[in-house]
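Letters A, B, ... are given to chains in the order of the sequence lines, protein chains preceding strands, and every chain is numbered from 1.
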There are 2 protein chains.
Amino acid sequence: MADGATTRDLRTRNRARVLRRVVVAGETTRADLAAQCHLSAATVTNVVGDLLREGLIEERGSLPSDGGRPIGQIGVHPSGAYFLGADVGEHGVAVELFDLSFERLDREFREGRTRESTPSEIGEALQDAVSAIRARHPERESRLVGLGLGLPGIVEDISGSHGGREVVLYAQSLGWPPVHIDELLRADALEVLADNGAKTLATAEMWFGAARGVDHAIVALLGRGIGLGVVSNGELMRGLASSAGEWGHTKVSVGGPRCRCGAQGCLEAYVGADAILGRWRDGGGEPPGSGWRALTALVAAADAGASAAVRVLDETVEVLALALGNLVNLTNPERVIVGGWVGLCLMQSRRAQLEAQVRAAALERPGGQFALELCRFEGDSVALGAALLPLQRLIDGPMAKVTA
Amino acid sequence: MADGATTRDLRTRNRARVLRRVVVAGETTRADLAAQCHLSAATVTNVVGDLLREGLIEERGSLPSDGGRPIGQIGVHPSGAYFLGADVGEHGVAVELFDLSFERLDREFREGRTRESTPSEIGEALQDAVSAIRARHPERESRLVGLGLGLPGIVEDISGSHGGREVVLYAQSLGWPPVHIDELLRADALEVLADNGAKTLATAEMWFGAARGVDHAIVALLGRGIGLGVVSNGELMRGLASSAGEWGHTKVSVGGPRCRCGAQGCLEAYVGADAILGRWRDGGGEPPGSGWRALTALVAAADAGASAAVRVLDETVEVLALALGNLVNLTNPERVIVGGWVGLCLMQSRRAQLEAQVRAAALERPGGQFALELCRFEGDSVALGAALLPLQRLIDGPMAKVTA
DNA sequence: GACTGTTATTCTAAGTCGTGAAAGAAGGAG
DNA sequence: CTCCTTCTTTCACGACTTAGAATAACAGTC
């Protein structure tokens, strides 16, 4: 709640700022907190006192000051809270356990069937993996804050006024019917939060990656599918039903190649991995397999001068740059962050070309104001980002009861 | 400032909520304010008391209640504050004076030279018009809050940490060099705020038009140029340097017709008025002039079955729907609001077709969640929206000193 | 080892704020 | 005139932040 009109909400907000800052920085001083959070030293003392009592932060020795009382350092208390994050994909399910310093403590992977799995199979695998991890860490159970899910598709939060939360996953591209997340998983005594996988990855970048401390950014994830997170005013854009950021099916041209969503000319049908490799194959190329190896083979062929490969890469960069340029015009970001394995590959091989073309596609003003960067996390931090969902709950929520 | 950690800021925020609500509603009751602003009745009493003392709202008789004490009505005190708004265009300058009920009290128009004007000419006209209005209303001078400018181009706020505000207008399409707004106008003792004209129009829609009370919306303005305002979380998206929302030069296709911005395939080169009429002319049509009359002639021709005209309109709708659909996917709005004279014309003649195609272009989910609406204000409320800039200042700012 | 200078942190007192409960105000019905 | 009902305000309370005073914790220095 950004609202809240009482003095207690004031404290809640200030606690949130301080805690957020400590988690992001890992280790700080009271003076830094006062400056960063626009609080007086006295308030920082009070809030820090609360957080110490809550067990979320800890005192960490001290630094020498210029001749005076040493500066007390404070940092995250790693075992102060634990978070589960799950990367739910079509291929399988990964569940990870993090402490408050966001060190990964444990991980459990469940492979799906080779072919596409059904919601109930995935749900079972998820349930199973979560239970396994929880069973291995009984001593942490009491400080487990929640479970975040990064899901492959549109995650709508339609919790109306009518009580119970209603979160539904629409994974059209997997051919799933709409699924309530409660159907997917029943976690006893554990808060479950869900978000689209690309959004959780963007969240991870916002907290610990290339979008850290940036108020306006776009985080593009290029893999088989195309995902996007738009950060505006320091927050991820969600829209009415939190499906904002659906970028993969942006129509890049009237007509154009058919996309797996059924429409024509989608961005994904140009720069999605399958589309890229498909074009190469059509041009006579012979990709080994379909993943990272195939893509690097394409790059290698292009570097070796194979004209078909060069053309495919050039086209890919051109379309991507066009779409990114449009996005830059639309959102005027400070950073443009490209990730996903296809993104990584393109950034490694064609970064300058991409950057130049994005700037050219955008108008002069917004086009000159962003920095292009690579995602700091690769694909497997969907789970990390998902684990940040309960963290945000912990931070923005009211103070926990402290056993005095 | 959305931040602010002191108890006084709390009051500032609550005052802002209440005042905003009163201005939007025009007339309300205390109970309504308590409900809408999530405040207790006691707090509403206090805040309303402050606002009454400030002279911004007034008591307005009472409504009968079901057998009990009558409900006191309160409303905006029209003469509590005045605002100037200016619509600065290539054709000329219109300055308007509003009171707190946003009744227009006066208007001053200065035609530019028939050909494009220079910044200094426009600045002079602006200065002149503002002075004329101020001179006509000396008694309102003391309660004049500020002047808002709606400008034709990107308005960048680069007020860094280094003191003085730096607001620069980049009106590339007018062929202007970058202009400091201070160069454009020197207003003694009057706060001057500026924003892009399309954004001020969107602001007007947010306050009093089709986007009222909506947290997620897109407001598209179609005229000779194409403008856009994206409302996310109840606020207009601005991006790093407030140039977010540049939509007219979105590349709709690789290659494509050349746009006045120099690039190819811009949306504006398809659905801008000149482009539409140009295509009709190329197809053998004979538009009378170039404005509204020409466009209605095109629609009439299409209605009469002229195949060239039908084709032109169909193409226009198709491209526009594509672009809007992409935007819907990206922002997941609750409303899609179309305005501008070209927009009006298209909505009158091809609304159903446009709506169907936008929904088809968007994914199923976000595509089914918005309502398509017509702008409630036509072109001349750029000035109204501009006048809302100082209003926002008044609302979000601290309480005014009251001569006790 | 006492003392001083210096810086970081905490304590104290003062001033604000919002809220629930209780009191007050303003009409209508009997 | 009295009671009843319904809004509105007052009051007492607890909670908050903060400026400034006080204290803590060190390094030199005499």
Side-chain angles (χ1 to χ4, degrees), chain A residues 1-19 22 27-53 57-75 398-399 401-402, chain B residues 1 3-19 21-22 27-53 57-75 398-399 401-402:
Chain A
M1 307 279 167
D3 64 349
T6 116
T7 56
R8 231 205 207 91
D9 298 320
L10 206 56
R11 170 62 71 104
T12 302
R13 262 197 298 273
N14 289 340
R15 188 195 88 120
R17 288 188 201 179
V18 169
L19 181 49
V22 175
E27 196 165 77
T28 32
T29 68
R30 289 178 172 78
D32 169 74
L33 289 173
Q36 295 291 328
C37 306
H38 304 285
L39 297 173
S40 70
T43 300
V44 170
T45 290
N46 290 333
V47 173
V48 164
D50 284 353
L51 292 171
L52 284 169
R53 265 185 299 280
I57 64 179
E58 63 185 2
E59 220 111 25
R60 294 250 187 101
S62 49
L63 289 167
S65 68
D66 302 342
R69 172 174 173 172
I71 303 170
Q73 281 188 294
I74 51 188
M399 201 177 101
K401 270 150 285 173
V402 175
Chain B
M1 306 277 168
D3 63 350
T6 117
T7 53
R8 234 204 204 89
D9 299 319
L10 209 54
R11 171 59 69 99
T12 302
R13 261 197 298 273
N14 288 339
R15 187 195 88 119
R17 288 187 201 179
V18 169
L19 181 48
R21 175 75 195 156
V22 175
E27 197 166 76
T28 31
T29 66
R30 290 177 171 81
D32 169 73
L33 290 173
Q36 296 291 326
C37 306
H38 303 286
L39 297 174
S40 70
T43 300
V44 170
T45 290
N46 290 333
V47 173
V48 164
D50 285 353
L51 291 172
L52 284 170
R53 265 185 300 279
I57 64 178
E58 63 183 6
E59 220 110 25
R60 294 248 187 101
S62 49
L63 288 168
S65 66
D66 301 342
R69 172 174 173 171
I71 304 170
Q73 280 188 295
I74 52 188
M399 202 177 101
K401 270 151 285 174
V402 175

Between [X] ([atom1]) and [N] ([atom2]), how many Å, whole number?
| X | N | atom1 | atom2 | result |
| --- | --- | --- | --- | --- |
| A:L63 | C:dT6 | CG | P | 21 Å |
| A:R69 | D:dC26 | CZ | C1' | 10 Å |
| A:R11 | C:dG18 | CZ | P | 17 Å |
| A:R8 | D:dC16 | CZ | P | 6 Å |
| A:R13 | D:dA15 | CZ | P | 18 Å |
| B:D9 | D:dC16 | CG | P | 16 Å |
| B:R17 | C:dC17 | CZ | C1' | 14 Å |
| A:I71 | C:dT10 | CD1 | P | 13 Å |

Proximity to the side chain of B:T7 - top-ranked nucleotide from D:dC16, D:dC7, C:dT19: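 That would be D:dC16.
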
Below 4.0 angstrom from OP1 or OP2 of D:dC16, is there any side-chain N or O of A:N14? no

Does A:T45 make a side-chain N or O approach to OP1 or OP2 of C:dT10 shorter than 4.0 Å?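 For C:dT10, OP1/OP2 do have a side-chain N/O of A:T45 under 4.0 Å.
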
Checking all strands, does [X] fall into the base, sugar-phosphate, or nothing category for heavy-atom contacts under 4.0 angstrom?
| X | result |
| --- | --- |
| A:G72 | sugar-phosphate |
| A:T6 | sugar-phosphate |
| B:A5 | sugar-phosphate |

Under a 3.5 Å distance rule, please check whether B:R17 uses its side chain to pair with a backbone N or O of B:C37 as donor and acceptor.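 Yes.
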
Please test A:Q36 against A:T28 for side chain to side chain contact (heavy atoms under 4.5 Å, CB included), starting from the C-alpha separation and ending with a verdict. CA-CA 11 Å; A:Q36 295 291 328; A:T28 32; over 6 Å; no

For the student: nearest non-hydrogen atoms of A:R15 and A:P398, plus distance: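 For A:R15 and A:P398, the tightest heavy-atom pair comes out as NH2-O, 3.8 Å.
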
Using 0.5 Å steps for rounding, measure from the CZ atom of A:R8 to the CZ atom of A:R13.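 Answer for the CZ-CZ pair, A:R8 versus A:R13, is 14.0 Å.
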
Would you kindly compare A:E59 and A:G68 by the position of their nearest DNA chain C nucleotide and give the one closer to the 5′ end? A:G68

Test B:V47 against every option in B:V44, B:L51, B:T45 by the side chain to side chain contact (heavy atoms under 4.5 Å, CB included) rule and name the one that passes.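 Of the listed options, the one satisfying the test is B:L51.
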
